[in-house]
Structure formats: C-alpha cells, structure tokens
Protein chains: 2
Amino acid sequence: MKPAADAKNDTSKRILDIAEQLLLTRGFNAFSYQHISSELGVRNAAIHYHYPKKTDLGVALIQRYRRRFQRFVDAQHTLAPQQQLERYFTLTDAYFEHDQQICPSGILTTEYQTLPPEMQAEANAFVDEMRDWAVRIAEAGRADGSMHYGGTPQAMGLLMLAALQGGLQLARTDQTVLPALKIQIRALLGLATPLP
Amino acid sequence: MKPAADAKNDTSKRILDIAEQLLLTRGFNAFSYQHISSELGVRNAAIHYHYPKKTDLGVALIQRYRRRFQRFVDAQHTLAPQQQLERYFTLTDAYFEHDQQICPSGILTTEYQTLPPEMQAEANAFVDEMRDWAVRIAEAGRADGSMHYGGTPQAMGLLMLAALQGGLQLARTDQTVLPALKIQIRALLGLATPLP
DNA sequence: GAAACTCTACTTACTGGTTAGTAAGGTGTC
DNA sequence: GACACCTTACTAACCAGTAAGTAGAGTTTC
C-alpha cells in the first residue's frame, strides 16, 4: 500500500473538485483560496502547496476539463449524430441541475479579459475543441441525411454551441429556458423529439 | 444656467459610463471603485457620494440599460421584422467592436449567483424584456410571411437571444464567430443577406 | 536494528496590497 | 447659512502569496 502517494493525489483532486464547483457557480474572480481551504478543512497555505499560484489552479482546471471532454467525445464516436446531439443536451442539463452551474466555456469567455494569459491560451484551445465537436455533429447529421438545415455545418455547429452556452446562463433567471431551447434546436434540424 | 445641477448629473453620468465599460469588459466582481475614481480623476469617496454602495451602482447601471433598451425597441416598432432583426445584429456587432464588450445579460446571468438580490431582481426584469423583444420579432416575421422556421416564435426568439449572447462571448476567442452566426440565423429564418 | 537522513504534506505566522465603506472636514454656490 | 460636491484620513475585512517550521512515514547507512 502507498498511502502517501494516494493522499497527495486525493487532496490535489479534491481541491480541483471544490474549485470546479466554485468556478462554475461563482466564476474564477469570485472565489478565493479561503473558500477552498475552509471547505476542505485545511489551512490556506495547504492549497498553495498543491497549486502555488491561483493561475496554476486555473490552468489545471481547464486542462482537466479538456481531458474529460476529449474522453466524453471519444466515448461516443460510434453513435449516430442524433444520439450524439442528445448526449450534448444531457450534458447541458446535468450542468444546470448541479447547482445551476453553467458551461465552463461560458465562464471562461465571459471573464476572458481578466484571466492570466496562461488561462486564456487554455480557454482558447478548450473552446476550439467544443466548437469542433458541435460542427462534427452537424456535418455527420447532414451527411447521413438525419438532419436538415440551411447554411453550413460549421455555422450550424457554432450556433448550437453558442445557443446552449447562452441558454445555460439564461436558465438561471428562468428554468423553462433549457427545455424550450432543446425543442427548438431539434425543430431547426428537422428532428423528432426522441423517445426515452 | 445651472452649473451645480449639471455638474452633479455630469459626474453621476460619467461614473455610470465608466462603470458600464468596466462591467462589460471585466464583469461586476472584477472592477472596483478605485478603477472608476482613477479613471475619473477624483478620490474614491467621491464615487461613494454618488453611489453609496456598490450595489446601488449596479442597480443604477441595469436600470439605465433597461430604459435605454426600451427606447431602442420603441424607436423601431414601425420597422419590418427583418429590419428589426438587422438592428439587433448591428447592436450586437457594436458591443463587440467596442473593446470586445459582451451583452449585459451575459455578464449578469454569468455572475448571477454572486450578485446582491437587488441586482438579481433587476437582471431578471432585463432578461425578460430582451427575450420578449426577440420573441416579438420572430412572431411578427412569421405573421407577415417574411420568416420561415420550425417550432414556436417563443422558442425561436429565445434561441436567437441565447445564440447571440453566447456568440458575443465566444467571439473573444475567435473574431469570425459573429459574422458566421448572423449568416446562420438568417439562413434558419429563410432570409436573404440584406444589401447595404 | 537503531540512528541519521530525506521527502511529503501540511502548519503557524506573516507581508503587502486591495477591497468596500465611513466619518469628518473643506470649499464654492445659491 | 444651507446645500451640493468633493477631500483627507481612516477602518476592518479580505486577498494572493511566502517563509519557516513540524510531524510522520519511508529510506539509507553503519
């Protein structure tokens, strides 16, 4: 057994978990190491031991998102485009139901001008990856004849990403937003509402 | 002449102008009275004289947005739906071109959980008004036969609002976002790109 | 097998800067 | 002299970040 190595990983990971929750509900500028340390039951400096600068923590957070998102995408590359879109919707719903969290790309682009350059670079890459994925769904849906829409797949994917990012934010003022948005996106793609 | 009254109004208004710029580029949590006072060339306490609490300033900012937006909407109630949509696009472009500002509703809903209740209430009302306007455009466009889309006008208006709000944020990482989004929304509504 | 070491994961204690907000006073205008 | 509009001077809280020390577990050396 190696309790030392496990303990290190565990605290490091728990810091990321708490920071993620704070990031998606309050934003990067509106949470402090105090929030994390009091939640974790340790002192402030313990967080600095694992992530010396807040920038380090921010970069680690986005990098973990990128890895997780890549696994999410990889895990369903065999699914039909329509099913992939439904997974996308499910992911969006999950954010909202978890303390009205919003999409990470929404936080990062909204606070973009105040973020350190290292985080801006990670945010750029993350947004690119999310956009590419949305575009691939629109492309595949047109290619296999399951989705029917005007314009290019590039623009349609972008529109879906932008609408869901904005929709998650708007949902905080009105919880009927997300269901209506999902129905409308399906309607624009000529899709039927799927059976459970 | 009434220089006293003008001076009061002028300083008060200039504080709002500077605060607005800071809000739309940095967010409410990421600007301070110091930012405003140094920009304005006065001391910190002078800002507190006009807006005792930061909450007061925030509420005044949103209320001014609401008045301005209402005037914007009223000023074009005689225009055709398609022209109203183009005005909406122009408004969006103007935000982006002004130091990559984003939509006020985007900031307010993203920082929603950290805002004081008075600002949350104003934000709710503001988002409602923006949404209503988008819905009315979609309704009028369907009614006069100029726009053709699936789904309800309520959902279509919501989708346009959400997409433009998210799109303004995403445009910070890639400036080609907004043009593509506008083209796609027109395509989904069966509209031709208007001539200048 | 025990003393000496090294490393991880913290702690206490602190610095310097920023924050919103207040209290009291000054200055010019009606 | 009353009021609008500021100033100086301050408080208390919070912020990121650092320095130095410590407890304990594992590792090395004789």
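Chain A is the first sequence line, chain B the second, and so forth, proteins listed ahead of strands; every chain is numbered from 1.
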Residue A:A45, side-chain atoms from C-beta onward, closest of D:dA9, D:dA4, C:dT11
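Selected nucleotide (nearest to the side chain): C:dT11.
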Starting from [atom2] on [N], measure out to [atom1] on [X] and report it in whole angstrom.
X      : N      : atom1 : atom2 : value
A:F28  : D:dA16 : CZ    : P     : 9 Å
B:L115 : C:dA20 : CG    : P     : 14 Å
A:I36  : C:dC10 : CD1   : P     : 14 Å
B:N44  : C:dA23 : CG    : C1'   : 15 Å
A:Y51  : D:dT18 : OH    : P     : 17 Å

Distance only, no hydrogens: is a donor on one side chain within 3.5 Å (strictly under) of an acceptor on the other, for B:Q165 and B:S105?
yes
Can you check whether A:L188 reaches B:M156 side chain to side chain, under 4.5 Å on heavy atoms?
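Answer yes - side chains close enough.
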Pairwise N/O distances under 3.5 Å, protein to nucleotides 17-19 of chain C:
| from | atom 1 | to | atom 2 | distance (Å) |
| --- | --- | --- | --- | --- |
| C:dT19 | OP1 | B:S32 | OG | 3.2 |
| C:dT19 | OP2 | B:S32 | OG | 3.4 |

Does B:K182 make a cation-pi contact with B:Y88, if we ask for NZ or CZ under 6.0 Å from the ring centre and within 45° of the axis?
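No - B:K182 does not lie over the ring of B:Y88 by the 6.0 Å and 45° rule.
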For [N], take OP1 and OP2 only and decide whether either is under 4.0 Å from a side-chain N or O of [X].
X     : N      : result
A:H50 : C:dC10 : yes
A:H48 : C:dC10 : no
A:R43 : C:dC10 : no

Inspect the contact between B:E122 and B:R64 and indicate whether a charged nitrogen and a carboxylate oxygen are less than 4.0 angstrom apart.
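Salt bridge absent between B:R64 and B:E122.
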Can you tell whether the side chains of A:E118 and A:K53 come within less than 4.0 Å, N to carboxylate O?
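Result for this pair is no, no salt bridge flagged.
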Parallel, tilted or perpendicular: which fits the ring planes of A:F28 and A:F31, with parallel below 30° and perpendicular above 60°?
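Judged by the thresholds at 30° and 60°, the geometry between A:F28 and A:F31 is perpendicular.
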